[in-house]
Amino acid sequence: MFVSPLLPSPRPRRLIQLLLGLHLFGLGSAMQVAAHLGANPWDVLHQGLHLRTGWSIGTWNIVLGAAVVLLWIPLRQRVGLGTVSNVVVIGLTLDASLLWLPEPGSLPARALMLVLGIVAVAVGSGLYIGARLGPGPRDGLMTGLAERGMSIRLGRTLVEATVLAAGFLLGGTVGVGTLLFMVAIGPLAQVFIPMFDVDRAEQG
């Protein structure tokens, strides 16, 4: 069930890179929420659930992340230290960041915060995925579906379209930021994941 070993060498670099990446991902997600121009698909759902229940966006990030990991069981995906950390750290960082981030008033300031947030999520993704300590809950779901014969593109599209629709119906914020995230995150991740790949750096 678990990736073995949980923390291969070089241990300090992997651990620092993992935690830095997760914190940056949570900060970037919070920036996108605070910009009020449309959150990423999963955070649209988290927002909608927050509005319906009063639980924070970060709390719902953690709850749904843990629920998605349970979906890994029939898909036979392996949980790593990065998986468990992803479930907890991103949600906590998102909530903590929303407490101190300013809410920009002008449209240019909101647009800048949106773009910086998306870039931060992409860099954070590159860092924590590049640490190779286990995929995040949603990443593992995609790869699990791919191993069952579904293309990653189709699987991601179906899952994100479902959570986006559910979040929108619950009152989450869908906007230009949502579209920009969906268009930009793939190409940006392709840049940053190889850049921060620990195993590639060790071989080099």
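FYI, side chains are in, hydrogens and waters are out, and symmetry mates aren't considered; it's all heavy atoms of this structure.
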Is it the case that one hydrophobic cluster holds both V183 and V163, taking links as side-chain heavy atoms less than 4.5 Å apart, direct or via other members? no
Side chain to side chain contact (heavy atoms under 4.5 Å, CB included) for L19 and Y128? Distances and angles first, verdict last. CA-CA 7 Å; L19 295 176; Y128 88 74; over 6 Å; no
Can you check side chain to side chain contact (heavy atoms under 4.5 Å, CB included) on L64 and L45, steps first, answer last? CA-CA 10 Å; L64 292 188; L45 178 57; 3.6 Å; yes
Hphob cluster co-occupancy, V89 + L133, side-chain heavy atoms under 4.5 angstrom: yes
Side chain to side chain contact (heavy atoms under 4.5 Å, CB included) with S97: of D95, L99, L101, only one passes, and it is L101
Interatomic spacing from CG in L71 to CZ in R138 - rounded to 0.5 Å: 11.0 Å
Listing request: all side chain to side chain donor-acceptor pair (under 3.5 Å) pairs with a residue in residues 98-111, at least two apart in sequence or in separate chains. H36-E103
Residue pair T173 / V33, side-chain heavy-atom distance below 4.5 Å: no
Check whether any side-chain N or O of W42 sits under 3.5 Å from a backbone N or O of E160 as a donor-acceptor pair, and report yes or no. no
Report the distance from atom CD1 of I193 to atom CD of Q190, rounding to the nearest 0.5 Å. 8.0 Å
Is there a continuous path of hydrophobic side-chain contacts, each under 4.5 Å between heavy atoms, that joins L51 to V174? no
I need the I129 CD1 to Q17 CD distance, nearest 0.5 Å. 11.0 Å
Pairwise side-chain contact, L92 with I62, heavy-atom cut-off 4.5 Å (strictly under): yes
Tell me which one of L164, V159, T162 satisfies side chain to side chain contact (heavy atoms under 4.5 Å, CB included) with P41. L164
Calculate, to the nearest 0.5 Å, the distance between atoms CZ and CG belonging to R52 and L170 respectively. 5.5 Å
Using distance only, find each side-chain donor-acceptor pair of residues 79-88 under 3.5 Å and give its atom names and separation, not counting sequence neighbours.
unit_1	atom_1	unit_2	atom_2	d
T83	OG1	G80	N	3.1
T83	OG1	P135	O	2.7
S85	OG	L81	O	2.9

For V68 versus W72, what's the shortest heavy-atom pair and its separation? O-CD1, 3.2 Å
In this structure, would L22 and I16 fall into the same cluster of hydrophobic residues linked by side-chain contacts under 4.5 Å? no
L127 side chain reached by L24 side chain, heavy atoms, under 4.5 Å: yes
Report all side-chain donor-acceptor pairs from residues 111-125 shorter than 3.5 Å, counting only partners two or more places apart or in another chain.
unit_1	atom_1	unit_2	atom_2	d
S125	OG	V121	O	2.8

Mind checking the OG1-CD spacing from T178 to Q32? Nearest 0.5 Å is all I need. 6.5 Å
Decide yes or no for D199 and R132: does some side-chain heavy atom of the first lie under 4.5 Å from some side-chain heavy atom of the second? yes
Once you measure the plane-to-plane angle for F192 and F196, does it fall in the parallel (<30°), tilted (30-60°) or perpendicular (>60°) bin? parallel
Say whether V176 and F181 are linked into one hydrophobic cluster, either directly or through other cluster members, by side-chain heavy-atom distances under 4.5 angstrom. yes
Say you draw a straight line from OG1 of T93 to NE2 of H23; how long is it, rounded to the nearest 0.5 Å? 4.5 Å
I want to check something: taking the side chain as every heavy atom from C-beta on, are N61 and D43 in contact at a cut-off of under 4.5 Å? yes
Give me the atom names and distance for the closest heavy-atom approach of P102 to A34. O-CB, 4.3 Å
Dump the intermediate steps for side chain to side chain contact (heavy atoms under 4.5 Å, CB included) on W60 and L94, then the final yes or no. CA-CA 11 Å; W60 276 112; L94 199 161; over 6 Å; no
